[in-house]
Amino acid sequence: MKEKGLEIKNQLLEDIKSVNTLQDIVELKSKYIGKTGVVTGLMKNMKDYAPEERKEIGQIVNVIKTEVNDIISTKEKEINEAILNEKLNKEKIDITLPSKKIKRGSLHPMTRITEEFEDLFVSMGYTVFEGPELESDENCFQKLNLPKGHPARDAQDTFYLKDEVENFLLRSQTSTAQVRAMEANVDKGPIRIVCPGKVYRRDEDATHSHQFMQIEGLVIDKNISMADLKGTLEVMMKKVLGEKTQVRFRPSYFPFTEPSVEVDVTCFKCGGKGCALCKQTGWIEVLGAGMVHPDVLTMSGYDPKVYQGFAFGTGLDRMAMFKYNIPDIRTIYGNDIRFIEQFDRKDED
Ligand code: PHE
């Protein structure tokens, strides 16, 4: 029996040389330890031996069986390992390759300039107050002292909705938010707000667009004077356009303020010496402002004998054009990514 075992083992060691795949292993298993395999055959022959021999023969057969099993499973392991290694080699990732650069976006210049104004005013105790772009004629004009038929309405020719909503329009100025803020304030106490937002007029050329952005400020309190207005605007302009900027008031007219002023700043390009940008005057007009008209206060429930206020409004597009050197207002709304990319956040790093 021992010789038989040795013979089987040698045969197996010979056979195993040509085993390369898992399929070969399956065949090998069936040849040796399968139902009709040679080792299994040895067990079946057990009955041919005398009962006293069987124990010893059984032990020998078991040793053969274990040896054969070990040889086959070692080979099977080798093959499995080889398969895995080949797979790992094929699917290898080169982690030393540089990764794809993720492009950082940039804020649109209008978002930037709006946030700059908002941050400044919030730091001075104002709140940001926004109104709807679709407004009533009443809020856009009547409560700002421009009754129907008032000639000053022409300067703000805008987009009206027809027929059933005849009294609604796309607001032509953010001053409408001032009316809303005064009316919403039930205590009729002090107000300090800035109102940024889109407004609409029937314009379109290099410096005027049918839709643009304004920011207005409104302060209502006791003992408010033109000096407060001037101080506030000086701080605002120095912060936005540079510390050397000076502010000049010129008398003007707005129906909702009295007295009214137009405000110029020293040209930030030439510092006031005179250049092409300021048309050699040294000054650039930047906003309209004034003391809130007593009738406007009265119409929104304030007593002008107790409360005074000032208001100002400026075009954010114009500010952005000055500040970022944008020659044509239409590029601001052109949605060209190359334009916006010029305002990346390099300077904030
Ligand atoms: N609303 C005015 C405009 O659009 C500007 C302005 C605001 C003037 C507040 C005076 C006071 O031209």
Side-chain angles (χ1 to χ4, degrees), residues 114 117 121 126 128-133 135-146 150-159 169-182 191-203 207-221 224-234 236-237 247-265 284-297 299-300 302 304 307-321 329:
T114 309
F117 273 91
F121 280 98
Y126 287 59
V128 177
F129 185 95
E130 284 181 274
E133 286 168 39
E135 249 310 354
S136 63
D137 186 284
E138 204 180 6
N139 284 347
C140 195
F141 294 128
Q142 294 171 43
K143 290 206 162 155
L144 288 167
N145 235 0
L146 283 122
H150 194 292
R153 284 186 177 215
D154 291 351
Q156 298 200 358
D157 227 358
T158 183
F159 300 91
L169 51 105
L170 291 174
R171 67 176 174 190
S172 59
Q173 52 185 345
T174 38
S175 306
T176 55
Q178 299 178 15
V179 175
R180 284 177 175 270
M182 287 191 279
I191 291 179
R192 238 192 268 180
I193 51 160
V194 278
C195 327
K198 285 186 192 138
V199 297
Y200 301 83
R201 288 183 202 172
R202 227 195 56 193
D203 284 328
T207 55
H208 296 85
S209 150
H210 69 281
Q211 172 228 295
F212 56 104
M213 286 281 285
Q214 283 192 332
I215 189 157
E216 299 217 8
L218 172 72
V219 169
I220 292 184
D221 211 332
I224 293 288
S225 76
M226 285 286 260
D228 300 306
L229 172 63
K230 192 160 188 217
T232 305
L233 294 182
E234 251 169 24
M236 167 172 125
M237 286 315 181
V247 170
R248 173 174 88 172
F249 279 18
R250 269 184 297 109
S252 185
Y253 168 76
F254 296 102
F256 34 91
T257 45
E258 181 59 39
S260 300
V261 288
E262 263 172 54
V263 180
D264 302 334
V265 290
I284 294 178
E285 190 231 307
V286 284
L287 57 82
M291 300 306 292
V292 181
H293 196 293
D295 289 350
V296 170
L297 287 171
M299 274 188 275
S300 288
Y302 276 85
Y307 281 101
Q308 302 79 46
F310 66 75
F312 58 87
T314 187
L316 282 172
D317 312 66
R318 232 164 108 73
M319 284 292 164
M321 286 169 83
I329 194 171

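Each ligand, and each atom within it, is numbered from 1 in the order the structure gives. The structure displayed is predicted, hence computed values, not measured ones.
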Numbering as shown, the atoms of ligand 1 that approach [X] to under 4.0 Å (heavy-atom distance):
X      : value
Ala311 : 9 (C), 11 (C)
Gln214 : 3 (C), 4 (O)
Ala289 : 8 (C), 10 (C), 11 (C)
Ser175 : 1 (N), 7 (C)

Can a donor-acceptor pair be found, under 3.5 Å and without considering hydrogens, that links the side chain of Thr158 to the backbone of Leu170? yes

Inset, instruction - Return yes if some donor-acceptor pair links the side-chain N/O of Thr257 with the main-chain N/O of Pro259 below 3.5 Å, else return no. - result: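 No, Thr257 side chain to Pro259 backbone: no donor-acceptor pair under 3.5 Å.
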
*Sub-4.5 Å side-chain heavy-atom contact between Tyr302 and Ile191*: yes

Can you check whether Phe141 reaches Ser172 side chain to side chain, under 4.5 Å on heavy atoms?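 Side-chain contact under 4.5 Å: yes.
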
With heavy atoms and a 4.0 Å threshold, my read on which part of Phe312 contacts ligand 1 is backbone

- Message: Heavy atoms only, cut-off 4.0 Å: how does Arg201 contact ligand 1, side chain, backbone, both, or neither?
- Response: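 Side chain only.
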
| query | ligand 1 and Gln173, any nitrogen or oxygen pair closer than 3.5 angstrom? | reply | yes

- Message: Geometry only, no angles: is Glu216 polar-contacting ligand 1 at N/O separations under 3.5 Å?
- Response: yes

Q.
Using the ring centroid of each side chain, check whether Phe129 and Phe121 are separated by less than 6.0 Å.
A. no

### Aromatic plane relationship, His210 with Phe159 - under 30° parallel, 30 to 60° tilted, over 60° perpendicular
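Because their plane-to-plane angle is over 60°, the rings of Phe159 and His210 count as perpendicular.
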
